[in-house]
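Note that the numbering runs from 1 along the sequence shown for the chain. The basis for the numbers below is simple: all heavy atoms, side chains too, and nothing from hydrogens, waters or symmetry mates.
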Amino acid sequence: EVQLVESGGGLVQAGGSLRLSCAASGFSFADYAVAWFRQAPGKEREGVSCINKRDGSTYYADSVKGRFTISSDNAKNTVYLQMNSLKPEDTAVYYCATVEGSCSMEYEYWGQGTQVTVSS
């Protein structure tokens with residue numbers, strides 16, 4: 001069964017850093033794109049970043065460019081999201097998701113989410 005498990009969330013002060021991990025199992029990791037989304041209470045889910053495993057290309061929302069970095073360790077079947085210079089508006093539940101092929105608007109599988117809270 002396809003599983004995605006996020007970890008690394010927590011409570012940090014503004015300006016701090018966190019590294020989120022998305023550990024994948026049950027599918028051909030190298031053939032899937034993996035994306036990070038976030039959702040704050042009362043707001044729509046927002047795409048944050050995505051990585052195409054086949055060519056390593058990456059994408060970022062304008063709100064996180066220059067602060068967040070997505071990367072993949074294919075040997076460990078794990079995707080990371082390094083989050084620097086965190087702001088209170090980054091507070092949300094962060095989810096990873098995957099779809100076969102390239103970064104897309106639709107994702108087939110989702111993790112359970114990890115809470116990131118940034119205090120002002």
Undergrad: Under the 3.5 angstrom rule, does the side chain of N52 hit a backbone N or O of C103 as a donor-acceptor pair?
TA: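 Yes.
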Undergrad: Is there a donor-acceptor pair closer than 3.5 Å between any side-chain N or O of T114 and the backbone N or O of Y94?
TA: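 No, T114 side chain to Y94 backbone: no donor-acceptor pair under 3.5 Å.
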Undergrad: Return yes if some donor-acceptor pair links the side-chain N/O of E46 with the main-chain N/O of R38 below 3.5 Å, else return no.
TA: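 Not at all, since once roles are kept as given, no pair shorter than 3.5 Å links the two residues.
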Undergrad: Can you name the nearest heavy-atom pair linking A33 to C50, along with the distance?
TA: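 In terms of heavy atoms, the two residues are closest at CB-SG, 4.2 Å.
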Undergrad: Would you check if S49 and L81 make a side-chain contact, meaning some heavy-atom pair closer than 4.5 Å?
TA: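 Side chain of S49 against side chain of L81, heavy atoms only: contact under 4.5 Å found.
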Undergrad: Working to the nearest 0.5 angstrom, can you tell me the gap between Q3 CD and F27 CZ?
TA: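 Taking CD in Q3 and CZ in F27, the distance rounds to 10.5 Å.
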Undergrad: Rounded to the nearest 0.5 Å, what separates atom CD1 in I51 from atom OG in S102?
TA: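 The distance works out to 12.0 Å.
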Undergrad: Look at the side-chain heavy atoms of Ile, Leu, Val, Met, Phe, Trp and Tyr, link any pair under 4.5 Å apart, and say whether V99 and W110 land in one connected group.
TA: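 In one cluster: yes.
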Undergrad: With N84, which residues qualify under side chain to side chain donor-acceptor pair (under 3.5 Å), at least two apart?
TA: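 Checked N84 against side chain to side chain donor-acceptor pair (under 3.5 Å); matches are S17, Q82.
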Undergrad: With a 4.5 Å cut-off on side-chain heavy-atom distances among I, L, V, M, F, W and Y, is there a chain of contacts connecting V2 to V34?
TA: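 Yes, V2 and V34 fall within the same hydrophobic cluster.
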Undergrad: Do V64 and Y95 land in one hydrophobic cluster if side-chain heavy atoms of ILVMFWY residues count as linked below 4.5 Å?
TA: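 Cluster IDs for V64 and Y95 differ.
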Undergrad: Quick check for you: to the nearest 0.5 Å, what is the distance between K53 atom NZ and N77 atom CG?
TA: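 It comes to 7.0 Å.
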Undergrad: Taking Y80 as the starting point, is it possible to reach L86 by hopping between hydrophobic residues whose side chains are less than 4.5 Å apart?
TA: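 Per the 4.5 Å side-chain linkage, L86 and Y80 are not co-clustered.
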Undergrad: Treat each ILVMFWY residue as a node, draw an edge where side-chain heavy atoms are under 4.5 Å apart, and state whether Y109 and V79 are in one component.
TA: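 In one cluster with Y109: V79, yes.
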Undergrad: Using 0.5 Å steps for rounding, measure from the OG atom of S85 to the CE atom of M83.
TA: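 If we round to the nearest 0.5 Å, S85:OG and M83:CE are 11.0 Å apart.
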Undergrad: Run the numbers on W36 and F68 for ring pair (Phe, Tyr, Trp, His ring centres under 6.0 Å), then give the verdict.
TA: CA-CA 11 Å; W36 286 96; F68 292 7; 9.8 Å; no
Undergrad: Should the pair Y107 and F37 be assigned to parallel (<30°), tilted (30 to 60°) or perpendicular (>60°) ring geometry?
TA: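 Geometry flag for F37 against Y107: perpendicular rings.
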Undergrad: For the residue pair T78 and S21, what are the closest heavy atoms and their distance?
TA: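 So the minimum-distance heavy-atom pair works out to CG2-CB, 4.2 Å.
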Undergrad: Give the minimum heavy-atom separation between Q112 and L4, together with the two atoms involved.
TA: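 Looks like OE1-O, 3.5 Å.
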Undergrad: For a quick test of reading the model, state the closest non-hydrogen atom pair linking I70 to Y60 and the distance between them.
TA: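 Between these two residues, the closest heavy atoms are N-OH, 2.9 Å.
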Undergrad: Can we say D62 and K65 salt-bridge, meaning some charged N sits less than 4.0 Å from an Asp/Glu carboxylate O?
TA: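 Judged by the 4.0 Å cut-off on N to carboxylate O distance, D62 and K65 do form a salt bridge.
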Undergrad: Tell me whether E108 contacts the main-chain N or O of T98 through its side chain, where contact means a donor paired with an acceptor under 3.5 Å.
TA: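 Checked: no pair found.
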Undergrad: Which residues satisfy the side chain to side chain donor-acceptor pair (under 3.5 Å) test with S72, sequence neighbours excluded?
TA: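 Per chain and number, S72 pairs via side chain to side chain donor-acceptor pair (under 3.5 Å) with N74.
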Undergrad: Do the side chains of T91 and Q115 get nearer than 4.5 Å, heavy atoms only?
TA: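 The answer is yes; the side chains approach within 4.5 Å.
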Undergrad: Answer yes or no: is there a donor N or O on one side and an acceptor on the other, between the side chain of E6 and the main chain of C96, under 3.5 Å?
TA: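 Yes: the side chain of E6 pairs with the backbone of C96.
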